[in-house]
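Step one of this worksheet: look at the structure below.
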Amino acid sequence: KQSKNKQLKVKSEDIILDIYNLNKDYKAIQKFATDSLANTSSTERKNNLSQIKEEAHFSQIQIDTASADANKKIETLLAFSNEHKDSKLSKEALWQSISLAYSNGLEVKGADLSLKYYSKFPQDPKNLDSIKEAIKAYTEAGYISQSIQTLKELAKLDPKNSYSHLQTS
């Protein structure tokens with residue numbers, strides 16, 4: 001009977017979370033998931049609720065910063081990325097901040113964030129193009145020493161083509 005009650009509790013919580021999600025009430029999802037986390041002992045359920053809470057937080061950030069300026073959006077995404085260090089959404093938030101920086105004419109900030117992304121996620125295939133873009137941004141802004149340092153990182157990232165990268169830079 002106790003097992004059945006636990007299953008019913010979980011299903012009830014999921015229905016409530018689904019209703020909040022349908023209404024795009026991400027703050028309510030975060031609060032409800034937090035409250036539910038405090039009342040569960042199952043590791044699997046804790047992991048699921050933590051992920052739901054994180055996804056709701058990320059969605060809420062998108063809404064909260066929709067009309068904010070680029071710097072505010074970038075800072076909010078970076079804070080999220082730092083708060084959720086080991087998650088896929090941390091990676092996505094950092095990548096979005098790079099994209100926002102470049103698309104809003106903040107090339108040096110985009111280059112700095114590209115290097116941060118590279119250091120956090122060194123195996124990501126997007127790094128090669130991102131580092132090349134950072135070199136270009138630093139060079140065009142006259143940040144020669146940063147450009148040279150980044151070129152060295154590019155050589156480490158792609159040693160087979162390091163000479164051709166040097167020529168194109």
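- The structure places CG of D64 at 9.0 Å from NZ of K72, a figure rounded to the nearest 0.5 Å.
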| message | One pair to check against side chain to side chain donor-acceptor pair (under 3.5 Å): Y117 and D124. What are the steps and the verdict? | response | CA-CA 9 Å; Y117 187 90; D124 193 300; 2.6 Å; yes
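- Electrostatic pairing of K116 and D112 does not count as a salt bridge here, judged by no charged N lying under 4.0 Å from a carboxylate O.
- Applying the ring-ring contact (aromatic ring centres under 6.0 Å, His included) test to residues at least two apart or on different chains, the pairs with a partner in residues 56-94 are H57-F80, H57-H84, F58-F80, F80-H84.
- Cluster partners of L17 are I16, Y20, Y26, I29, F32, L37, L49, I52, I63, counting Ile, Leu, Val, Met, Phe, Trp and Tyr whose side-chain heavy atoms approach within less than 4.5 Å, directly or via other members.
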| said: Please evaluate residues L106 and N71 with respect to the criterion side chain to side chain contact (heavy atoms under 4.5 Å, CB included), reporting the C-alpha separation (whole Å), side-chain torsions for both, the decisive distance (0.1 Å), and the verdict. | reply: CA-CA 9 Å; L106 305 167; N71 281 314; 3.6 Å; yes
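- Between the side chain of S130 and the backbone N or O of K126 there is no donor-acceptor pair closer than 3.5 Å.
- Side-chain atoms of Q62 and Q96 include a donor-acceptor pair closer than 3.5 Å.
- The OG atom of S147 sits 11.5 Å away from atom NZ of K152, with the distance rounded to the nearest 0.5 Å.
- Residues L154 and F121 do not share a hydrophobic cluster, clusters being chains of Ile/Leu/Val/Met/Phe/Trp/Tyr side chains in contact below 4.5 Å.
- For K31, the NZ atom is loosely surrounded, since the number of other residues' heavy atoms within 6.0 Å does not exceed 12.
- In this structure, N104 and I74 have side chains that are not in contact, with every pair of non-hydrogen atoms separated by 4.5 Å or more.
- For the residue pair E133 / S114, no side-chain donor-acceptor distance below 3.5 Å is found, with atom types taken as modelled.
- A donor-acceptor pair under 3.5 Å is formed between the side chain of T150 and the backbone N or O of Q146.
- Heavy-atom minimum distance, P122 versus N127: O-ND2, 3.4 Å.
- A donor-acceptor pair is defined here as one N or O able to donate and one able to accept, closer than 3.5 Å; no such pair exists between the side chain of D25 and the backbone of N21.
- Salt bridge present: D14 and R45 bring a charged side-chain N and a carboxylate O closer than 4.0 Å.
- At a cut-off of 3.5 Å, with distance as the only test, a side-chain donor of Q51 or E55 sits close to an acceptor on the other residue.
- A pairwise comparison of heavy atoms in G110 and I98 identifies O-CG2, 4.1 Å as the closest pair.
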| task | Before giving the answer on side chain to side chain contact (heavy atoms under 4.5 Å, CB included), spell out for D69 and K73 the whole-Å C-alpha distance, their side-chain angles and the decisive distance to 0.1 Å. | result | CA-CA 6 Å; D69 73 349; K73 287 180 184 180; over 6 Å; no
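- Interatomic distance, E13 CD to N39 CG, rounded to the nearest 0.5 Å: 7.5 Å.
- In this structure, the side chain of S97 engages the main chain of L94 through a donor-acceptor pair within 3.5 Å.
- Using a 4.5 Å heavy-atom threshold, the side chains of Y138 and L115 count as touching.
- Contact record, A137 with E107: CB-O, 3.6 Å, taken as the closest heavy-atom pair.
- Checked for salt-bridge contact, K88 and E92 miss the test: no charged N lies under 4.0 Å from a carboxylate O.
- Connection of Y118 to Y102 is not established within any shared hydrophobic cluster, with ILVMFWY side chains joined at heavy-atom distances below 4.5 Å, either directly or through further cluster members.
- Residues E44 and N48 have side chains in contact (heavy-atom distance under 4.5 Å, counting atoms from C-beta outward).
- The shortest distance between side-chain heavy atoms of L151 and I131 does not fall below 4.5 Å.
- No hydrogens or angles considered: a donor-acceptor pair under 3.5 Å links the side chains of K120 and S81.
- If you take NZ on K46 and OG on S41, they are separated by 7.0 Å, rounding to the nearest 0.5 Å.
- Put simply, NZ on K9 and OG on S42 are 9.5 Å apart, with the number rounded to the nearest 0.5 Å.
- Here K109 pairs with E75 in a salt bridge; the nearest charged N to carboxylate O distance falls below 4.0 Å.
- A donor-acceptor pair is defined here as one N or O able to donate and one able to accept, closer than 3.5 Å; no such pair exists between the side chain of Y143 and the backbone of I135.
- Judged by distance alone, the side chains of T65 and T76 never bring a donor and an acceptor atom under 3.5 Å apart.
- Distance alone, capped at 3.5 Å, is enough to place a donor-acceptor pair between the T34 side chain and the Q30 backbone.
- Taking both residues in full, the closest heavy atoms of K85 and S90 are given as O-OG, 3.6 Å, listed atom of the first, atom of the second, then distance.
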